[in-house]
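One structure below.
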2 protein chains.
Amino acid sequence: MSASQFSTKQRILGAAETLFAQHGFAGASLRQVTNAANVNLAAVNYHFGSKDNLIEAVFRRRLDALNARRHAALSRVEAKPGASLEDALDAFIRPALELALDRHGGAAFMRMLARAYAEHDERLRTFLSDNYGHVLREFAVAFHRMLPHLAKEELYWRLDIVAGALTYTMADFGLIKRRAGTSESAHREYTVEHLVRFAAAGLRAP
Amino acid sequence: MSASQFSTKQRILGAAETLFAQHGFAGASLRQVTNAANVNLAAVNYHFGSKDNLIEAVFRRRLDALNARRHAALSRVEAKPGASLEDALDAFIRPALELALDRHGGAAFMRMLARAYAEHDERLRTFLSDNYGHVLREFAVAFHRMLPHLAKEELYWRLDIVAGALTYTMADFGLIKRRAGTSESAHREYTVEHLVRFAAAGLRAP
DNA sequence: CTATCCTTCAAACGTTCGTTTGATACGGAG
DNA sequence: CTCCGTATCAAACGAACGTTTGAAGGATAG
């Protein structure tokens, strides 16, 4: 039963991701997590030190890769002459949507991320900003270059809102099965395009 | 100190709204709430019966009025010949935005509502659907009439996502001060227009 | 073999949670 | 005045929380 192809650490991370998405960080207890992962209660503190550290580890496992892919995609866009706002938004959205549609817990992680956005928790915001803020700042610079008429302050809170709305939307997309008869790649292309237009409209508003 | 122009019940509701918005339903304890409201701990269970009932009461206090105003606005739109999708969205968005910009805790409530959306909690969804679902269904019917080419299933989850994204966005709007030199009504008009366009684009997408 | 390190385990730690209790004060109604 | 329903209070209830402890495996190195 407790046997799984995954290590204790990985099983804890997976169960935590699912339960945090379902009940929130305060609402999901370590006893729920360790029961779902079929590991001893003390294993969390042994491997991660504390519940807060576990939360950060769950983020890290996914965001390291997501941020790297976003950075790479933005670099490709910036190397291209005549890149549009839509290209930059695509670089931001596509890696996240691929993560949301990933079959190995991607949807759960996206829902967890959406909750984190809604929580406005100071500790979490600091952690995310410290570890992943630099890529977001790269995007902000790119957007600023593409929307020169927009004041920096205005741009920043628009980005905050657009990113939040996108995250919320992608979290829900992960819950919904695509229409029968549509291939996965077609579904993804359709959704990316839809989200890019939606975000561009929000950023370009007067 | 404990003296206030408001009754015990009202002070509990106000403090709960603020703290639920800040720390979530699981994260805010009744001891925090009763301390902030300057009332005895037992007062919550005396006046409301349980923490869950308190949560529902906090929703009820705002949503009764919000739903009534949305219903009235939609009725006006439907009485008007040649009403557009944008008119219906206006009827949906304007009352909510006015609530979000209300100075007496409206912003806190909107943040709480956004968290509730992100939580996907079954009990809360049932409560909201049972008590306020009929107005949302009126809007769904109106939108269906205005978007006949869209299958019902497709429309429903688009509405779910659009409503969530709008709620999230309005929750953040409540946190941000309007630009200096802009009147409150101008700020509201600008924002409503922006949100309506944004939502219409999401619903009209192919 | 023994020694060592990493991991797992049951049990307990002190704290905080939502809820309940029983006493006390107050304020009209009879 | 007494009576009675409403409201508030300090105190306690059992349950659940995150965390710590110390002992017991189990593999590897000498």
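The chains referred to below are lettered A, B, ... by the order of the sequence lines, with proteins before strands, and numbering in each begins at 1. Just so it is clear, the values below take in all heavy atoms, side chains as well, and ignore hydrogens, waters and symmetry mates. On a predicted model such as this, the values are computed, not experimentally measured, just so you know.
- Near-neighbour residues of DNA chain D inside residues 47-59 of chain A, defined by a heavy atom below 4.0 Å, number-ordered: A:Ser50, A:Lys51.
- By the ring pair (Phe, Tyr, Trp, His ring centres under 6.0 Å) test, A:Phe48 is found to be paired with no residue, residues two or more places apart in sequence or in another chain being considered.
- When the ring pair (Phe, Tyr, Trp, His ring centres under 6.0 Å) test is applied to A:Tyr117, no partner is found at least two apart in sequence or on another chain.
- In this structure, NZ of B:Lys9 is placed 12 Å from C1' of D:dA7, rounded to the nearest angstrom.
- Rounded to a whole Å, the CG atom of B:Asn38 is 13 Å from the P atom of D:dT8.
- Nearest-nucleotide positions on DNA chain C place A:Ala43 closer to the 5' end than the other of A:Ala43 and B:Gly27.
- D:dA23 atom P lies 17 Å from atom OH of A:Tyr46, rounded to whole Å.
- When the C1' atom of D:dA10 is taken as reference, atom CG of B:Leu30 falls 17 Å away, rounded to whole Å.
- Rounded to a whole Å, the CD1 atom of B:Ile12 is 14 Å from the C1' atom of C:dT19.
- Among residues two or more places apart in sequence or in another chain, the ring pair (Phe, Tyr, Trp, His ring centres under 6.0 Å) test is passed with A:Tyr168 by none.
- Note on A:Glu17 versus A:Arg61: salt bridge recorded, some NZ/NE/NH1/NH2 to OD/OE distance being below 4.0 Å.
- A:Asn35 places its CG atom 15 Å from the C1' atom of C:dT8, with the value rounded to the nearest Å.
- A salt bridge links B:Glu56 with B:Arg123: at least one charged nitrogen is closer than 4.0 Å to a carboxylate oxygen.
- Distance, A:Arg31 CZ to C:dC9 C1': 14 Å, rounded to whole Å.
- Closest to the B:Asn40 side chain, of the nucleotides D:dA11, D:dC9, C:dA12, is D:dC9.
- Partners of A:Asp87 by side chain to side chain donor-acceptor pair (under 3.5 Å), not counting sequence neighbours, listed by chain and number: A:Lys80, A:Ser84.
- Remark: B:Thr8 is not in phosphate contact with D:dA7, judged by side-chain N or O atoms under 4.0 Å from OP1 or OP2.
- Taking every side-chain heavy atom of A:Ser29 into account, D:dG18 is the closest of D:dT8, C:dC17, D:dG18.
- Minimum atom distance to the side chain of B:Ala42 is reached by D:dC9, of the listed D:dC9, C:dA12, D:dA7.
- Nearer to the 5' terminus of DNA chain C, by closest-nucleotide assignment, is the contact made by A:Leu41 (compared with the other of A:Leu41 and B:Asn45).
- Contacts of B:Arg70 classified as side chain to side chain donor-acceptor pair (under 3.5 Å), with partners at least two apart in sequence or in another chain: none.
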